[in-house]
Amino acid sequence: MSKYYLPLLLSGLSFSAAAQNTPDPVEAAEQEPPRWSVGLAAIVSDSPYAGEGTRVQPVPLVTYEGERFYFRGIAAGWRFVQNDSWEVAALLKARFDGFEVKDLGRAELGRNGIDLRLLEDRKIALDGGLGVSWAGTAGELELELLADVTDKSGGQQATLQYSYPIPVGKGTLSPNVGITWMSKDTANYYYGTLDSEVARGVVDYRPGAATLPQIGLSYFRPVGRTWSLRASAEYSRLPSSIKNSPLLERDTKGTASVFVGFSRGF
């Protein structure tokens, strides 16, 4: 699944500060975690779509962390439950799954029995929903329940992910495992053929609801007092119903993405 946008959802840079009985106002301000961070990232991902190949995309990395509202790259949220362990937030998140027809391969699609000229773009969408996260000594657990509010696919998606942060030198390494469920409307839009395409003579293919397991690794390291490095890698295994899509490269078993970014806190 094309999920190269997921690393952009990393939290803003934070710094820990020791408590003081009578803190100096200037020092206290310097010790507070920065609300804004701005930087630049690069994302490399292997597209499963026939003929598209590897995507290399530079992206701005902008985050804001307020007491309730936050903005992280392509996602925004409003926390209405927050304590030391739990967080529950309303979410809005851009979805960059899909493709532009001009980026696909005519020959590769032809071998799958598809005429590129009869296809339509699968467009950027905006998802809305609920995010729930828990953090404790046993690790971190996150659940997202999302639905397409722009009615591009009209579908829903649920993702459950577990990660365990491990201090490594001055940074933190977090292995993670997860699973994503896509409704039939979501899977059919991004990996099947549309009614309008079928009417033009494209084969009728609809994978239906699908479940994708994922594994990943992320790394975060402060650099000085204001800069930070963040990186991640993720692999998603595609189920047979998606692997058999005529829109995909033959023998595709999964997709992988790598993210590396630098940002400065303010």
Side-chain angles (χ1 to χ4, degrees), residues 1-8 41-60 73-74 93-127 146 148 150-157 180-214 216 232-260:
M1 183 172 62
S2 174
K3 302 183 74 174
Y4 58 93
Y5 59 86
L6 285 180
L8 295 177
I43 303 169
V44 181
S45 60
D46 63 324
S47 170
Y49 293 107
E52 187 173 18
T54 301
R55 293 173 173 174
V56 180
Q57 185 176 10
V59 292
I74 58 165
K93 180 188 296 186
R95 176 189 287 270
F96 288 92
D97 290 1
F99 56 83
E100 293 185 8
V101 174
K102 65 180 179 63
D103 294 330
L104 304 185
R106 184 184 301 271
E108 291 84 354
L109 285 170
R111 288 194 289 269
N112 294 345
I114 297 288
D115 186 341
L116 176 145
R117 297 170 298 178
L118 304 179
L119 295 179
E120 300 176 12
D121 295 343
R122 301 301 190 268
K123 298 180 179 180
I124 294 172
L126 183 65
D127 290 344
L146 300 172
D148 178 8
T150 50
D151 201 32
K152 295 297 188 295
S153 71
Q156 300 81 41
Q157 178 172 299
T180 293
W181 172 84
M182 291 188 293
S183 71
K184 65 178 182 179
D185 288 335
T186 300
N188 290 348
Y189 181 75
Y190 291 107
Y191 301 103
T193 52
L194 308 178
D195 289 340
S196 55
E197 295 170 336
V198 174
R200 300 186 196 109
V202 178
V203 63
D204 188 355
Y205 188 83
R206 303 169 197 271
T211 302
L212 295 78
Q214 299 131 14
S232 67
E234 182 182 88
Y235 176 79
S236 296
R237 179 80 175 182
L238 301 178
S240 296
S241 60
I242 290 180
K243 288 189 292 184
N244 294 333
S245 169
L247 299 177
L248 268 59
E249 196 77 47
R250 290 184 177 183
D251 301 323
T252 297
K253 294 180 172 59
T255 64
S257 64
V258 175
F259 165 94
V260 179

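- Considering only heavy atoms from C-beta on, Tyr191 comes within 4.5 Å of Met182 through its side chain.
- Annotation: the span from Glu108 atom CD to Glu52 atom CD amounts to 11.0 Å, rounded to 0.5 Å.
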Checking Asp127 against Gln157 for the side-chain contact (heavy atoms from CB on, under 4.5 Å) test, could you report, in this order, the C-alpha distance in whole Å, the side-chain angles of both residues, the deciding distance, and whether it holds?
CA-CA 9 Å; Asp127 290 344; Gln157 178 172 299; 5.5 Å; no

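- For the atom pair NZ of Lys253 and CG of Leu248, the computed distance is 12.5 Å after rounding to the nearest 0.5 Å.
- Contact annotation: the side chain of Gln57 never approaches that of Phe96 to less than 4.5 Å [non-hydrogen atoms, C-beta and beyond].
- Ser183 places no side-chain N or O within donor-acceptor distance of the main-chain N or O of Gly155, the cut-off being under 3.5 Å.
- Gly105 and Leu116 make their closest contact through C-CD1, 4.1 Å (heavy atoms, listed as atom of the first residue, atom of the second, distance).
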Would you give me the side-chain donor-acceptor pairs under 3.5 Å for residues 237-244, sequence neighbours excluded?
unit_1	atom_1	unit_2	atom_2	d
Asn244	ND2	Ser240	O	3.1

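- For the pair Asp46 (side chain) and Ala256 (backbone), a donor-acceptor distance under 3.5 Å is present.
- Partners of Glu197 according to the side chain to side chain donor-acceptor pair (under 3.5 Å) rule, which considers only residues two or more places apart in sequence or in another chain, are Arg122.
- With Asp121 contributing its side chain and Lys123 its backbone, the two residues share no donor-acceptor pair below 3.5 Å.
- Proximity of a side-chain donor or acceptor of Ser236 to a complementary backbone N or O of Thr255 within less than 3.5 Å is not detected.
- For the pair Ser245 (side chain) and Gly192 (backbone), a donor-acceptor distance under 3.5 Å is absent.
- Closest of all the heavy-atom pairs between Leu109 and Pro246 is CD2-O, 3.8 Å.
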After noting the C-alpha distance and the side-chain angles of Asp204 and Thr193, does the key distance pass the side-chain contact (heavy atoms from CB on, under 4.5 Å) rule?
CA-CA 6 Å; Asp204 188 355; Thr193 52; 4.2 Å; yes

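- Between the side chain of Thr150 and the backbone N or O of Leu126 there is at least one donor-acceptor pair closer than 3.5 Å.
- Not counting sequence neighbours, the partners of Phe99 by the ring pair (Phe, Tyr, Trp, His ring centres under 6.0 Å) test are Tyr49.
- Under the 3.5 Å distance criterion, the side-chain polar atoms of Asn188 are matched with a main-chain donor or acceptor of Gly208.
- The backbone N or O of Gly154 sits less than 3.5 Å from a side-chain atom of Asp148, completing a donor-acceptor pair.
- Under the 4.5 Å side-chain criterion, counting only non-hydrogen atoms from C-beta, Ile74 is not in contact with Val59.
- Here the side chain of Asn112 pairs no donor or acceptor atom with the backbone of Leu247 at under 3.5 angstrom.
- Contact record, Gly98 with Arg55: O-NH2, 2.7 Å, taken as the closest heavy-atom pair.
- Here the side chain of Arg250 pairs a donor or acceptor atom with the backbone of Arg111 at under 3.5 angstrom.
- Of the inter-residue distances, the one linking Gln156 atom CD with Lys184 atom NZ reads 10.5 Å to the nearest 0.5 angstrom.
- Side-chain contact between Arg106 and Arg117 is present, with heavy atoms from C-beta onward closer than 4.5 Å.
- In summary, Arg206 and Asp195 engage in a salt bridge, as defined by a charged side-chain N under 4.0 Å from a carboxylate O.
- What you find for Ser196 and Glu120 is that their closest heavy atoms are OG-OE2, 2.6 Å.
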